[in-house]
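Remarks on the structure that follows.
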2 protein chains.
Amino acid sequence: MASNRQQAPRNPGLRDVAALVGVSRQTISRVLNDGPYVSDDTRRRVMEGVKALGYQVNAPAKALATGKTRLIALLVPDIGNPHFARIARAASEEAEHYGYDVVLWNCGESPRRELGYLRSLPSHRVDGVVVCSSRLSAGALREFVSGEVPIALINRSLGGQSAVPEVIVDAEVGAASAARLLADLGHRTIGILSFRPPSESAAVRLRGYGRSLEGQGVKIDSRQVRRVSPDMAGGYAGATSMFARVPRLTALLCANDLIALGAVQAAYAQGLRVPEDVSIVGFDDIAAASSSTPPLTTVHIPQAELGRTAVDLLIGRLRGEPSPSSPVVLPTQLVQRGSHAPCVAADTRAVSARAVQRTTRRGNTPVRLGTILRTPAGPPNPSRPIPNPCKAPAGNPEPPTRR
Amino acid sequence: MASNRQQAPRNPGLRDVAALVGVSRQTISRVLNDGPYVSDDTRRRVMEGVKALGYQVNAPAKALATGKTRLIALLVPDIGNPHFARIARAASEEAEHYGYDVVLWNCGESPRRELGYLRSLPSHRVDGVVVCSSRLSAGALREFVSGEVPIALINRSLGGQSAVPEVIVDAEVGAASAARLLADLGHRTIGILSFRPPSESAAVRLRGYGRSLEGQGVKIDSRQVRRVSPDMAGGYAGATSMFARVPRLTALLCANDLIALGAVQAAYAQGLRVPEDVSIVGFDDIAAASSSTPPLTTVHIPQAELGRTAVDLLIGRLRGEPSPSSPVVLPTQLVQRGSHAPCVAADTRAVSARAVQRTTRRGNTPVRLGTILRTPAGPPNPSRPIPNPCKAPAGNPEPPTRR
DNA sequence: GTGAAAGCGCTAACAG
DNA sequence: CTGTTAGCGCTTTCAC
């Protein structure tokens with residue numbers, strides 16, 4: 001044991017550099033950590049030695065000594081979901097700028113696994129965690145945010161003066177503007193496709209739709225609201241049954257784009273045209289929303305900013321900066337594309353439906369009403385974002401001394 | 001310094017448990033690591049103590065002592081890209097099963113950053129790396145795979161007896177089957193939209209298309225091949241210019257789905273119907289491929305299996321198991337959806353195009369030829385995968401003692 | 001300015 | 001079966 005050098009060219013340590021340069025390990029360390037009290041000459045020689053040996057710190061050793069791992073965990077329900085993938089991309093990008101690595105905690109939508117990860121926090125010794133759209137109850141979550149390791153929340157607010165960094169989106173305003181768009185176009189019989197399991201985000205969107213419609217004097221009875229699984233199949237099933245139960249329906253507000261896309265398919269299957277016979281609006285603005293036919297009118301969520309801001313806030317806390325006492329709220333945007341149109345009475349529609357349909361494709365501008373609000377035909381990804389009025393800061397809030 | 005206990009209730013250490021239970025730290029450690037030579041009674045008491053104090057190991061300390069971090073890095077070009085997100089999901093899932101955490105190295109498609117990450121390997125002390133579709137040259141890559149830390153490659157093969165765990169996909173076979181599908185349908189003037197920068201995957205797909213077409217006696221001249229950026233905008237631009245230069249074109253093979261989707265939009269913008277006037281086939285089978293209109297005929301890549309298998313292979317190596325000496329090749333599948341149809345002579349088309357178009361929507365089965373090979377109308381996500389003939393193992397190769 | 005000593009929390013090697 | 005002794009490679013006092 002503890003004998004001399006082996007044959008294997010181990011990674012050089014501080015010791016090796018020290019031996020080469022002819023100073024103590026301490027001095028090397030000081031130079032590497034930009035410590036004070038080092039002569040320029042020594043510093044230069046040390047750097048040379050470091051370069052010559054290709055020295056790199058041993059992260060675990062440093063972590064043990066300092067108590068900081070420079071690791072932050074990112075807890076997401078499903079990294080395979082483009083929404084979270086975008087958030088993750090921005091988060092990891094931002095973390096990298098500050099010299100942090102991101103460990104990916106993918107929960108597969110399972111609260112149990114989420115809990116498991118959170119419980120293992122003390123062991124992992126990550127410096128902080130970004131928790132994305134937690135499925136956990138506020139109570140359970142609160143237990144962790146008051147723990148040893150700092151947590152930033154995305155799309156979840158614990159309310160109160162919790163001093164937890166939180167980034168949310170004004171989904172209610174976004175939902176309301178979508179609802180108003182339809183109401184303004186004359187729609188009076190509007191269906192809502194929300195999703196289950198009941199999450200906070202589902203509730204917020206539903207509320208936004210409901211309040212806005214109410215404000216416009218549009219009545220929604222219980223048959224006009226359905227909760228479906230948050231995917232295309234759910235949207236398809238929900239829309240199909242809604243069309244059957246509410247024959248006079250002229251518009252559909254969906255709690256997410258996948259549901260909306262499913263609803264579009266359902267409409268087609270019924271021989272209904274979108275948007276001529278029925279307007280369909282989504283939420284999220286996933287990539288598929290702009291490439292579907294028709295391109296989906298939807299509410300855009302600033303995914304990248306969510307991820308970036310959460311990391312900013314978290315790292316700010318790690319540096320001891322105070323977090324904002326209330327959630328940072330990012331604005332959503334209503335993106336008007338091709339899936340909405342002015343209302344045409346459902347009776348009229350009933351007659352016209354299943355008749356020979358003219359194409360609604362872009363580039364042909366066929367006979368049809370109300371192209372006014374629609375995005376013009378053109379290259380891919382046509383979209384005309386309309387910023388919501390929003391009291392939240394538009395930019396990147398409190399960036400801790402950015403690059 | 002080094003005085004007694006502070007007020008702050010630090011995380012309990014081995015020392016605390018040892019004090020409570022009345023044994024040495026070593027014994028605690030042995031119990032926790034399932035070491036031998038512990039009496040059942042001691043083991044029980046230790047476990048109680050551990051539970052009582054809520055003890056959890058300090059990962060960095062353990063890492064320093066053992067030289068293993070139980071971290072594996074996942075290097076991806078872009079986690080925001082659904083393709084890699086899917087791979088990442090499966091990889092992280094698999095890693096978790098073996099008790100590894102995944103650190104996400106997102107390169108933003110930049111070879112420079114990729115190189116940076118790889119160079120920092122010795123410092124991070126991750127136990128292994130999964131490198132996904134590296135942009136690096138074989139030479140550069142080889143330098144790392146022969147380094148200290150084990151690397152598994154996804155979608156990249158260094159060739160030879162490199163003893164590097166590699167998982168690839170038989171993209172050439174997939175591409176060939178797509179090409180043959182079109183040839184069999186009578187298409188003779190077929191365009192190819194490949195992408196730049198020239199990557200191995202682009203080359204392989206191109207080769208698959210080319211060889212297959214050649215075998216079928218279909219000639220492709222240089223004007224029929226274009227390299228575009230690998231996104232919808234690229235597909236749109238490429239297809240638009242191709243339609244202009246090759247007016248008799250009846251089909252388009254695209255090197256990925258995004259390009260294909262852009263091409264579809266370009267076709268629409270020209271007043272061409274898909275698939276009646278022009279067949280368009282993609283590659284990858286991203287989520288948007290099944291929800292577009294028409295749903296895209298494409299070549300499916302087993303993303304989850306790629307990620308899962310790579311991690312299996314890597315962890316196998318970490319355990320000292322030998323890696324397969326040749327790449328594990330996973331089968332692709334041609335998924336026939338709605339964007340292909342039998343060839344109609346381009347002259348005929350030229351006449352019919354821009355005329356009043358009948359809908360091609362599903363559920364209406366309008367007058368049109370060749371629905372034979374198409375998926376029937378129905379609920380979302382219709383797809384009928386046709387497995388390729390493939391000599392590769394279908395299942396999960398060499399799983400190191402799975403769950 | 002620089003070096004020496006002590007420990008971060010754990011496991012590995014040996015002794016009993 | 002269990003305890004003791006050494007480090008893992010780095011940073012942090014504190015002395016010089």
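Order of the sequence lines sets the chain letters (A, B, ...), proteins ahead of strands, with each chain counted from 1.
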| said: Closer than 4.0 angstrom, basic N to acidic O: yes or no for B:Arg89 and B:Glu94? | reply: no
| message | If I compare all heavy atoms of A:Ser323 with all of A:Pro165, which pair ends up nearest, and what's the gap? | response | OG-CG, 3.7 Å
| message | Between the side chains of A:Asp41 and A:Arg45, is the shortest nitrogen-to-carboxylate-oxygen separation below 4.0 Å, so that they form an ion pair? | response | yes
| Sidechain-backbone polar pair: A:Arg308 side chain, A:Ala90 backbone, donor-acceptor under 3.5 Å | no
| Nucleotide of C:dG1, D:dG9, D:dC10 approaching A:Arg15 most closely (side-chain heavy atoms) | D:dG9
| request: Locate the shortest heavy-atom distance separating A:Val46 from A:Val17; write the atom from each residue and the value. | output: O-CG1, 4.4 Å
May I have the list of side-chain donor-acceptor pairs in residues 115-126 of chain A shorter than 3.5 Å, sequence neighbours left out?
| from | atom 1 | to | atom 2 | distance (Å) |
| --- | --- | --- | --- | --- |
| A:Tyr117 | OH | B:Glu96 | OE1 | 3.3 |
| A:Ser120 | OG | A:Tyr117 | O | 2.8 |
| A:Ser120 | OG | A:His124 | ND1 | 3.0 |
| A:Ser123 | OG | B:Val57 | O | 3.2 |
| A:His124 | ND1 | A:Ser120 | O | 3.0 |
| A:His124 | NE2 | B:Asp101 | OD2 | 2.6 |
| A:Arg125 | NH1 | A:Pro122 | O | 2.3 |

| Qualifying side-chain hydrogen bond (donor to acceptor under 3.5 Å, both in side chains) pairs with a residue from residues 46-64 of chain B, counting only residues at least two apart or across chains | B:Asn33-B:Lys62
| field | Whole-Å gap separating C1' (D:dC10) and CG (A:Asp16) | value | 13 Å
| field | Over all atoms of both residues, closest heavy-atom pair of A:Asp127 and A:Leu318 | value | O-CD2, 3.1 Å
| field | Given A:Thr66, A:Leu71, A:Thr69, the one that forms side chain to side chain contact (heavy atoms under 4.5 Å, CB included) with B:Pro60 | value | A:Thr69
| query | How many Å lie between OH on A:Tyr55 and P on D:dG9, as a whole number? | reply | 10 Å
| field | Strand-adjacent residues in residues 22-34 of chain A, judged by heavy atoms under 4.0 Å from DNA chain C | value | A:Val23, A:Ser24, A:Gln26, A:Thr27, A:Arg30
| request: Can you sort out which residues in residues 60-69 of chain B have a heavy atom within less than 4.0 Å of DNA chain D? Ascending by number, please. | output: B:Leu64, B:Ala65
| message | Without decimals, in angstroms, what is the distance between B:Asn11 CG and C:dG9 C1'? | response | 11 Å
| side-chain hydrogen bond (donor to acceptor under 3.5 Å, both in side chains) contacts touching residues 131-142 of chain A (sequence neighbours left out) | A:Glu109-A:Arg135, A:Glu114-A:Ser134
| query | When the C1' atoms of the five terminal pairs at each end define the local axes, what inter-axis angle does the helix from C:dG1-D:dC16 to C:dG16-D:dC1 show, to 10 degrees? | reply | 40°
| request: Provide, to the nearest angstrom, the distance between the CG atom belonging to A:Leu14 and the P atom belonging to C:dC8. | output: 19 Å
| request: Would you mind reporting whether A:Leu104 and B:Leu74 have side-chain heavy atoms less than 4.5 Å apart? | output: no
